[in-house]
Enquirer: 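Structure provided below as structure tokens; questions to follow.
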Amino acid sequence: MFKKLYLLFLILLPKNTLSRIIGFFANKSFSKAFIPWFAKRYKINLEEAEFPIGDYPTLNQFFTRKLKAGRRPIADVDNEKVLISPVDGKIAQFGDIVDGKLIQAKGKTYTLSELLANEEEASLYKEGKFMTVYLAPTDYHRMHHYADGKITGYRYIPGKLFPVNEFSVGNVERLFPINERFNTYYDCNGRKTGIVKVGATVVGKIKVTYCDVESNISKQGAAASFDEPIAIKKGDELGRFEMGSTVVMLFEKDAFNFESFELGEAVQLGQKLGEWIK
């Protein structure tokens with residue numbers, strides 16, 4: 001009964017509006033007073049932060065803090081075959097994409113077409129591989145490029161903002177395709193790959209470094225293919241979540257092999273995820 005009531009509460013909650021309101025206040029100067037509580041509540045490692053805790057003027061600027069130089073070394077930085085984790089987080093799911101379907105949680109799946117909202121883009125990864133990484137409030141919330149290559153385009157898809165915690169992922173059908181997404185697509189020496197950044201409750205915005213489109217502002221989607229793709233190096237900054245969420249990485253068939261991982265395993269930015277195989 002509790003589960004059903006809580007699901008009803010999540011459905012009825014004005015999640016997008018609530019997230020905008022919280023994001024608004026988190027950017028105000030008075031929110032600085034909440035930083036010490038937030039850091040203690042989520043056991044944030046302040047030794048890693050770029051600046052002392054008192055130097056951040058707002059809660060949001062603390063939440064999206066950069067790290068001190070050298071805190072996340074990039075594995076095999078000069079080896080183009082090696083791919084790294086783009087974020088700090090926990091591996092929620094990973095493995096093969098079977099018949100265009102990805103695993104959300106035990107007994108629940110969703111399709112590539114639903115996730116990407118574009119059949120042509122989805123066809124690139126059919127029968128390929130994927131990895132989903134969940135970022136908790138404790139984690140560093142900037143995202144970085146996980147491979148050397150070029151950004152070929154993006155797609156922003158407006159949607160809901162359900163939480164992406166364990167309860168919601170296990171109980172809300174097709175959660176990731178329902179929520180807002182911001183997709184970035186790459187060409188890595190002819191290999192196609194993409195990262196889907198999934199919005200969630202209290203994620204006021206998803207921002208990227210290569211364009212000025214932001215999530216949770218309007219109901220109008222946006223997409224572009226770049227005539228001149230943007231060259232990037234693994235480890236360079238891709239963007240940030242303003243509050244926590246999830247990323248889903250997509251790889252073509254027979255193009256990538258994962259290292260040995262277990263579900264729920266923690267990973268950090270710069271850690272080796274695997275290698276290109278062709």
Side-chain angles (χ1 to χ4, degrees), residues 66-97 102 112 115-116 120-133 135 139-155 182-198 206-211 224-241 246-262 265-278:
K66 292 184 177 182
L67 300 179
K68 290 177 181 175
R71 288 288 177 165
R72 295 292 185 275
I74 305 303
D76 297 296
V77 66
D78 295 321
N79 186 345
E80 292 187 355
K81 289 185 64 177
V82 171
L83 277 68
I84 62 166
S85 175
V87 295
D88 287 2
K90 290 187 177 180
I91 299 173
Q93 295 291 336
F94 73 104
D96 296 326
I97 300 170
L102 298 82
L112 271 171
L115 182 69
L116 303 185
E120 183 178 355
E121 291 162 7
S123 68
L124 295 173
Y125 310 106
K126 188 177 181 181
E127 311 302 333
K129 294 183 183 293
F130 79 102
M131 176 178 277
T132 304
V133 181
L135 290 75
D139 294 315
Y140 168 63
H141 270 74
R142 294 192 179 231
M143 299 167 282
H144 295 250
H145 300 297
Y146 53 92
D148 296 325
K150 295 180 179 180
I151 300 175
T152 57
Y154 69 86
R155 183 175 298 277
F182 202 129
N183 311 339
T184 300
Y185 298 115
Y186 300 96
D187 185 309
C188 300
N189 292 324
R191 294 166 293 229
K192 308 300 182 184
T193 180
I195 182 169
V196 180
K197 300 161 286 293
V198 183
I206 302 169
K207 294 183 178 180
V208 294
T209 58
Y210 58 85
C211 74
S225 295
F226 299 137
D227 293 332
E228 297 184 8
I230 302 168
I232 53 93
K233 293 287 291 182
K234 65 182 174 186
D236 290 349
E237 189 173 321
L238 164 61
R240 66 182 186 264
F241 285 116
T246 294
V247 298
V248 183
M249 288 167 279
L250 305 171
F251 306 96
E252 286 184 305
K253 182 179 179 181
D254 299 329
F256 178 75
N257 276 336
F258 288 111
E259 296 285 277
S260 178
F261 291 108
E262 295 183 0
E265 183 174 342
V267 292
Q268 285 193 323
L269 164 67
Q271 180 178 338
K272 182 178 178 180
L273 292 185
E275 295 187 6
W276 296 118
I277 58 177
K278 64 176 183 179

Enquirer: Measure the shortest side-chain to side-chain distance between Q271 and L269 over non-hydrogen atoms and say whether it is less than 4.5 angstrom.
Expert: no

Enquirer: Less than 4.5 Å apart, any side-chain heavy atom of M131 and any of F258?
Expert: yes

Enquirer: Answer yes when E121 and R155 have at least one side-chain N-carboxylate O distance shorter than 4.0 Å, and no when they do not.
Expert: yes

Enquirer: Can you tell me how far the CG atom of L250 sits from the OH atom of Y185, to the nearest 0.5 Å?
Expert: 7.5 Å

Enquirer: Just how far is it from atom CG of D254 to atom CZ of R191, taken to the nearest 0.5 Å?
Expert: 13.0 Å

Enquirer: Taking all atoms of both residues into account, what is the closest heavy-atom pair of A147 and C188, and its distance?
Expert: CB-SG, 3.9 Å

Enquirer: Can you tell me how far the CG atom of L124 sits from the CZ atom of F251, to the nearest 0.5 Å?
Expert: 14.0 Å

Enquirer: Look up atom CZ in F261 and atom CD1 in I91, then write down how far apart they are to the nearest 0.5 Å.
Expert: 5.0 Å

Enquirer: Should W276 and V82 be marked as a side-chain contact (heavy atoms from CB on, under 4.5 Å) after you check the CA-CA gap, both sets of side-chain angles, and the distance that decides it?
Expert: CA-CA 7 Å; W276 296 118; V82 171; over 6 Å; no

Enquirer: Check K272 against A75 and note the closest heavy-atom contact, atom names and distance.
Expert: N-CB, 3.9 Å

Enquirer: I'd like to know whether D96 forms a side-chain contact (heavy atoms from CB on, under 4.5 Å) with F130, so could you lay out the CA-CA distance, the side-chain angles of the two residues, the decisive distance to 0.1 Å, and finally the verdict.
Expert: CA-CA 6 Å; D96 296 326; F130 79 102; over 6 Å; no

Enquirer: Please round to the nearest 0.5 Å and tell me the distance separating atom CG of L116 and atom OG of S123.
Expert: 9.5 Å

Enquirer: To the closest 0.5 Å, what do you measure between OG1 (T209) and NE2 (H144)?
Expert: 10.0 Å

Enquirer: Output every pair passing side-chain hydrogen bond (donor to acceptor under 3.5 Å, both in side chains) with a member in residues 82-93, not counting sequence neighbours, ordered by first then second residue.
Expert: R72-D88

Enquirer: One pair to check against side chain to side chain donor-acceptor pair (under 3.5 Å): Y146 and T193. What are the steps and the verdict?
Expert: CA-CA 10 Å; Y146 53 92; T193 180; 2.7 Å; yes

Enquirer: Between V133 and M249, is there a side-chain heavy-atom distance shorter than 4.5 Å?
Expert: yes

Enquirer: Do N257 and E275 pass the side chain to side chain donor-acceptor pair (under 3.5 Å) test, and can you show the C-alpha distance, the side-chain angles, and the key distance before you say yes or no?
Expert: CA-CA 6 Å; N257 276 336; E275 295 187 6; over 6 Å; no

Enquirer: State, with a plain yes or no, whether a side-chain heavy atom of L112 is found less than 4.5 Å away from one of I97.
Expert: yes

Enquirer: How about I74 and I84: do any of their side-chain heavy atoms sit closer than 4.5 Å?
Expert: yes

Enquirer: Pick one: which of T184, N183, T246 meets side chain to side chain donor-acceptor pair (under 3.5 Å) with K197?
Expert: T184

Enquirer: Where the side chain of N79 meets the backbone of K81, is there a donor-acceptor pair that is under 3.5 Å apart?
Expert: yes

Enquirer: Should E237 and M143 count as side-chain neighbours, where that means a heavy-atom distance under 4.5 Å?
Expert: no

Enquirer: A side-chain contact here means heavy atoms from C-beta on lying under 4.5 Å apart; do Y140 and Q268 qualify?
Expert: no

Enquirer: Ignoring hydrogens, what is the shortest heavy-atom contact between I232 and H145? Give both atom names and the distance.
Expert: CG2-NE2, 3.5 Å

Enquirer: Does atom NZ (K253) have a neighbourhood of more than 12 heavy atoms from anything else shown, all under 6.0 Å?
Expert: no

Enquirer: Under the salt bridge (Lys or Arg N to Asp or Glu O under 4.0 Å) rule, collect the residues that match up with K192, sequence neighbours excluded.
Expert: D187

Enquirer: Give the C-alpha distance, both sets of side-chain angles, the deciding distance and a yes or no for side-chain contact (heavy atoms from CB on, under 4.5 Å) between F94 and L273.
Expert: CA-CA 11 Å; F94 73 104; L273 292 185; over 6 Å; no

Enquirer: Please check if the distance between the ring centroids of Y154 and F182 is under 6.0 Å.
Expert: yes

Enquirer: Before giving the answer on side-chain contact (heavy atoms from CB on, under 4.5 Å), spell out for I277 and F256 the whole-Å C-alpha distance, their side-chain angles and the decisive distance to 0.1 Å.
Expert: CA-CA 5 Å; I277 58 177; F256 178 75; 5.8 Å; no

Enquirer: Between D148 and K233, does any side-chain N to carboxylate O distance fall below 4.0 Å?
Expert: yes

Enquirer: Is any side-chain heavy atom of V247 closer than 4.5 Å to one of V196?
Expert: no

